[in-house]
Amino acid sequence: MSGNQEWISRGENVFIGTYSRFAAAMVRGEGCRLWDADGKEYLDFLAGIAVCSLGHCHPAVTEAVCRQAGELMHVSNLFHTIPQVELAELLTENCFADRVFMANSGAEANEAAIKLARIHSDPGRYEVITLSGSFHGRTLATVAATGQPKFHQGFEPLPEGFVHAAFGDPKDLEAMISEKTCAILCEPLQGESGVRPLEPEYLRSIRELCDRHGLLLIFDEVQTGMGRTGTLFAYEQLGVTPDIMTVAKALGNGLPIGAMLTTERVAASFTVGTHASTFGGNPVAAAAAVAVLRTMLADGFLAGVRERSHYFVGRLEELVERFPGLVNGVRGRGMLLALVLTDRGRELGAEIVGRLFAGGTLINFAGGRVLRFIPPLTVSSAEIDLLIERLAGVLAELEGE
Ligand SMILES: *Cc1c(COP(=O)(O)O)cnc(C)c1O
């Protein structure tokens, strides 16, 4: 016995129960496909939670990782390494930022951003305002920053210095600004809580509030960054530039790496000894990220993502027309898309995801209100058609029951 059942039961015996996993032990991936230990094939519209954006085992990334693993795996940040320098150059050449701090995850990149915002600001200014429905990570500070009470329960007292403003309401945000405030932190498009875009006008008013009150604007682009919304970073489409930006998820296409990016002026507040990470920007992870960036920046890559996104949105809209009792809208940008469920649809959200899984298709139910689609950015229109066909099948089944 070496199939799913064995690995699942052995896993259930030893893991702490923080996750509710799909009943599959994945053993191999290629492009938008995964295979489990029983040899069953899946069409993957989850991409490891918006991480494997070039698809599973993209040859350029695999080659870079293998090459670097044979050369140098780790020396710590007591030294410079070639992949880390190349990565920092590529990142800063392609966004507003001049300087980079390397981390290992989204939460860590956000921790660095929060620490930088505090140390950069006048004494007594330490409070960060975030938005309700936001998601910024699971460490104590980033969970405190996260504007969803369900993630706080049982972990109190949370670190001080975070307040949450109502989503979409610039007046509420302004009312929360005090002599203690140092920054406003938000996702340009909330991913985890159900693919909720912040309107460009709202984002502009946030930028304006920051300028007027001398606050730093931090964009958490951990999910929206690295091409996910059709441009390398989501802020490029919004006419609003932050002072600090965090990225992670797709940066290494599966290798754990994150980065906190900022301007020369703000970066100057982080001096020797103020912040550090043993593994941050590890050469193997950085080599993967360099391969990711070079691939995404190649001619036509991001334009292709936008084109197929447009096609995908059109096909999702057909489902809204066909199944109005279950789904009533499409939202998101690029390849961070969602079908909004009706009240009846919400009750069936987990069931829809479960039936698709049984049929070999992976999506997820986000924020208790939408079906979220975050495939590899390389997904083909034929794969989009296959997803739509299978999803339509499940929706038709449920509507008939
Ligand atoms: C996933 C996510 C994080 C947390 O990243 P980890 O790598 O899991 O720590 C933070 N912010 C946003 C917007 C995310 O989507």
Side-chain angles (χ1 to χ4, degrees), residues 18-19 21 46-53 101-117 128-148 150-152 155 159 162 164 167 183-198 203 206 217-229 232-235 238 242 244-261 277 279-282 285-286 288-289 292 332-338 364-368 370 372-375 377:
T18 50
Y19 300 109
R21 293 179 161 93
L46 260 179
I49 320 183
V51 166
C52 302
S53 285
F101 179 87
M102 298 284 183
N104 306 289
S105 67
E108 279 184 50
N110 284 337
E111 288 272 349
I114 294 161
K115 284 181 74 176
L116 178 59
V128 176
I129 306 176
T130 70
L131 303 181
S132 62
S134 59
F135 183 80
H136 299 296
R138 300 294 201 114
T139 60
L140 278 170
T142 59
V143 89
T146 293
Q148 300 187 65
K150 67 174 180 189
F151 292 121
H152 298 161
F155 299 115
F162 297 94
H164 312 295
F167 181 90
I184 298 176
L185 162 63
C186 61
E187 303 151 84
L189 184 163
Q190 293 188 343
E192 291 308 301
S193 66
V195 189
R196 298 201 294 172
L198 276 63
L203 280 165
I206 295 177
L217 177 56
I218 308 170
F219 277 175
D220 177 345
E221 292 230 28
V222 168
Q223 186 158 157
T224 55
M226 302 309 297
R228 179 54 55 185
T229 66
L232 194 59
F233 303 106
Y235 83 85
L238 302 165
I244 300 175
M245 175 172 75
T246 54
V247 294
K249 288 209 163 82
L251 182 55
N253 206 52
L255 264 80
I257 185 166
M260 188 271 289
L261 296 127
S277 166
F279 291 117
N282 164 277
V292 168
R333 275 175 199 271
M335 287 293 170
L336 178 46
L337 295 174
N364 85 335
F365 180 38
V370 304
R372 179 171 57 166
F373 308 98
I374 39 179
L377 303 179

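Numbers for residues simply follow the sequence, beginning at 1. In each ligand, atom 1 is the first atom listed, and ligand 1 is the first ligand listed. For clarity, every value in this text was computed on a predicted model and none was experimentally measured.
- Put simply, the residue from D220, T142, L217 that forms a side-chain contact (heavy atoms from CB on, under 4.5 Å) with L185 is D220.
- Q148 places a side-chain N or O within 3.5 Å of a backbone atom of S134 that can act as its donor or acceptor partner.
- At a heavy-atom cutoff of 4.0 Å, ligand 1 is surrounded by S105, G106, A107, N110, F135, H136, G137, E187, D220, V222, Q223, K249.
- Taking the side-chain hydrogen bond (donor to acceptor under 3.5 Å, both in side chains) definition, one finds that R196 meets it with Q190, sequence neighbours left out.
- Dense packing is recorded around CZ of F167, with more than 12 heavy atoms of other residues, nucleotides or ligands lying under 6.0 Å away.
- Evaluation of the side-chain hydrogen bond (donor to acceptor under 3.5 Å, both in side chains) rule for T146 yields no partner, not counting sequence neighbours.
- The side-chain hydrogen bond (donor to acceptor under 3.5 Å, both in side chains) test applied to E192 returns Q223, R372, not counting sequence neighbours.
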